[in-house]
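Read the structure below first, then the notes.
Each chain gets a letter, A, B and so on, in the order the sequences are listed, and its residues count up from 1. Quick note: numbers below take in every heavy atom, side chains included, and nothing from hydrogens, waters or symmetry partners.
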There are 2 protein chains.
Amino acid sequence: MATGRNHRPATRSRGIPEATVARLPLYLRALTALSERSVPTVSSEELAAAAGVNSAKLRKDFSYLGSYGTRGVGYDVEYLVYQISRELGLTQDWPVVIVGIGNLGAALANYGGFASRGFRVAALIDADPAMAGKPVAGIPVQHTDELEKIIKDNGVSIGVIATPAGAAQQVSERLIAAGVTSILNFAPTVLSVPEGVDVRKVDLSIELQILAFHEQRKAGEEAAASGADVTPPPLRGGPAANRKGPDGDVPAVMPA
Amino acid sequence: MATGRNHRPATRSRGIPEATVARLPLYLRALTALSERSVPTVSSEELAAAAGVNSAKLRKDFSYLGSYGTRGVGYDVEYLVYQISRELGLTQDWPVVIVGIGNLGAALANYGGFASRGFRVAALIDADPAMAGKPVAGIPVQHTDELEKIIKDNGVSIGVIATPAGAAQQVSERLIAAGVTSILNFAPTVLSVPEGVDVRKVDLSIELQILAFHEQRKAGEEAAASGADVTPPPLRGGPAANRKGPDGDVPAVMPA
DNA sequence: TCATCTTTGTGCACGCGTTCACAAAGGCAT
DNA sequence: ATGCCTTTGTGAACGCGTGCACAAAGATGA
Ligand SMILES: NC(=O)c1ccc[n+]([C@@H]2O[C@H](COP(=O)([O-])OP(=O)(O)OC[C@H]3O[C@@H](n4cnc5c(N)ncnc54)[C@H](O)[C@@H]3O)[C@@H](O)[C@H]2O)c1
Ligand SMILES: NC(=O)c1ccc[n+]([C@@H]2O[C@H](COP(=O)([O-])OP(=O)(O)OC[C@H]3O[C@@H](n4cnc5c(N)ncnc54)[C@H](O)[C@@H]3O)[C@@H](O)[C@H]2O)c1
């Protein structure tokens, strides 16, 4: 579940809110772009616009990292890039393994965005013996038998799962037993992991379904305005009341 | 153009909290699995476990949909599947276009999870003339010149962007101008869209960076125990210690 | 019919995250 | 130096989401 409740009593000073942590990569990306254009400083307003967030939120986020800005001027781009990188742990190189080299796994392996940010594909692992040795994105695929050895030899602590859903739980258990403590899961399954292991999931179906919900709502409101009724009849406690909010919005954070 | 800098009183769809909407697909998946095993009813406790959430949260979520449970018994699986599907708008078929048929786009096109849930790949679109006509996942790729026509002819309202980051904003503008009102963006860019358009993004780099942050913190706490400072731990380290973590499960995708 | 037992539905309290609004800080020109 | 102007950093208010705890609902069996 989400960032828990009564966790640890100490280390409040280092306690950067989870929501802030999730935005740091966004700021970092915007700052990197500015850095490449040799822009020396940015105001919270400009940077917030580039990152697509509220400027007050950005300032508060940065306040958790310390006071790196200069009033009346803004933030020093290079310095901030460094500070955020350090905070995110990107000043070191993180070896990552990808398990399940099918359509998606291969695409991930080919993705250049890994190396560009301190991540290095240490190994590609698949259960299919026919794939063993075959190079994907220049890296030879290794068999799952080697999984534990690979993890340990390379000191891998982050694993990416791109296997079919049915295999994901088992794969996660092997990864964790071998030393992995962070998993990015692309398989549409709820992984059950011990405490201390972080799991983040990327689920295409869920995203589409959320979009579909909003699409339907938009269509419903539209139809409601013209008197038509598109949605099926509610069976119970029918809330004939349709909200026709002025919203046009969007966001929604998804919890676990 | 219009960067939405207007704040809305938050999206109150139809009274269903956004956080709940984001969990409905999760429940639906668990329920579908039960349905396939011909399980007639489930308690909130069981279903919550299967979906990886708190049972009280699940009950509260369902309460927004109406009272579909029976006290002392639980929920009727089939009925609930229907209700949630209807709520999410999955009783109708949503045509979807994928723009940018590279590594990732091709993987998405090959993904079976689309059709299984009311989504249909209406077209694959790419700017590379060399790809035009080539079939990917059984569907011929069409050139971007056709984009507007494709969207309109098929009544597409949901678009998936898998182009390089540099092209994403422009592609989104064309999609929106042609009638798309929901976008799932895989490109690492902040899309600026007019009000009324929903954007959800999936960003691998961000997910990995968030995981890296937690990894670093875990390593830091470990080191702290041995007298080190709480700041930048030089090297990632050692043995994956299984201590208390922040959480066991986290979200992955974020709103636009 | 009535008692018992299970499980729902929800009132309530709490904490996190967001946003507003503004005082203080600092640069810069005079 | 002094005053002006810009922008930060944050106190405070507010709303959303979460989870506890329990009364009410309803099934089941005697
Ligand atoms: N392709 C997509 O766009 C997409 C989108 C969203 C989610 N997903 C999910 O990602 C996963 C992979 O999708 P895909 O399209 O690449 O599937 P795929 O069938 O093309 O690839 C799966 C790969 O995993 C390997 N594998 C199977 N069991 C394994 C095991 N126990 N250990 C190691 N490797 C194993 C298979 O040999 C195969 O190479 C699936 O769970 C899918 O639902 C895919
Ligand atoms: N591959 C991954 O695993 C992965 C992971 C995360 C994010 N991404 C992002 O997804 C996007 C696609 O990644 P990829 O690896 O598939 O890249 P790719 O280069 O393999 O594919 C990009 C495709 O988009 C097409 N394209 C370019 N401009 C276009 C335009 N204006 N209109 C239509 N099509 C256009 C290209 O012809 C190409 O076929 C990138 O933004 C990447 O950063 C990819």
Expressed in angstrom and rounded to an integer, what is the separation of [X] atom [atom1] from [N] atom [atom2]?
{"X": "L47(A)", "N": "dT8(D)", "atom1": "CG", "atom2": "C1'", "result": "13 Å"}
{"X": "I16(A)", "N": "dG17(C)", "atom1": "CD1", "atom2": "P", "result": "12 Å"}
{"X": "L58(B)", "N": "dT18(D)", "atom1": "CG", "atom2": "P", "result": "12 Å"}
{"X": "E18(B)", "N": "dG15(D)", "atom1": "CD", "atom2": "C1'", "result": "15 Å"}
{"X": "Y64(B)", "N": "dG9(C)", "atom1": "OH", "atom2": "C1'", "result": "12 Å"}
{"X": "D61(B)", "N": "dC16(D)", "atom1": "CG", "atom2": "C1'", "result": "13 Å"}
{"X": "D76(A)", "N": "dT7(D)", "atom1": "CG", "atom2": "P", "result": "16 Å"}
{"X": "L80(A)", "N": "dT8(D)", "atom1": "CG", "atom2": "P", "result": "11 Å"}

Is any side-chain heavy atom of V160(A) less than 4.5 Å from a side-chain heavy atom of I183(A)?
-> no

Taking side chain as C-beta onward, heavy atoms only, is Q169(A) less than 4.5 Å from T189(A)?
-> no

Identify whether any heavy atom of [X] sits under 4.0 Å from a base atom; if not, whether one sits that close to sugar-phosphate; answer base, sugar-phosphate or nothing.
{"X": "A56(B)", "value": "base"}
{"X": "Y75(A)", "value": "sugar-phosphate"}
{"X": "Y68(A)", "value": "sugar-phosphate"}

Please determine if a side-chain N or O atom of [X] lies less than 4.0 Å away from the OP1 or OP2 oxygen of [N].
{"X": "T70(B)", "N": "dG26(D)", "value": "no"}
{"X": "S43(B)", "N": "dT7(C)", "value": "no"}
{"X": "K60(B)", "N": "dT10(C)", "value": "no"}
{"X": "R59(A)", "N": "dC20(C)", "value": "no"}
{"X": "N54(B)", "N": "dC20(D)", "value": "yes"}

Between the side chains of D76(B) and Y68(B), is a donor N or O closer than 3.5 angstrom to an acceptor N or O?
->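 On atom types as modelled, these side chains do not qualify, holding no pair under 3.5 Å.
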
First of V73(B) and K57(A) reached from the 5' end of DNA chain C, by closest nucleotide = V73(B)

Under 3.5 Å, side chain of S43(A) to main-chain N/O of E46(A), donor-acceptor pair present?
-> yes

Could one point to a donor on the side chain of R71(B) or the base of dT8(C) with an acceptor on the other under 3.5 Å away?
->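 Answer is yes: a donor-acceptor pair is held.
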
Determine, stepwise, if the pair T20(A) / F62(A) fulfils side-chain contact (heavy atoms from CB on, under 4.5 Å).
-> CA-CA 9 Å; T20(A) 294; F62(A) 285 175; over 6 Å; no

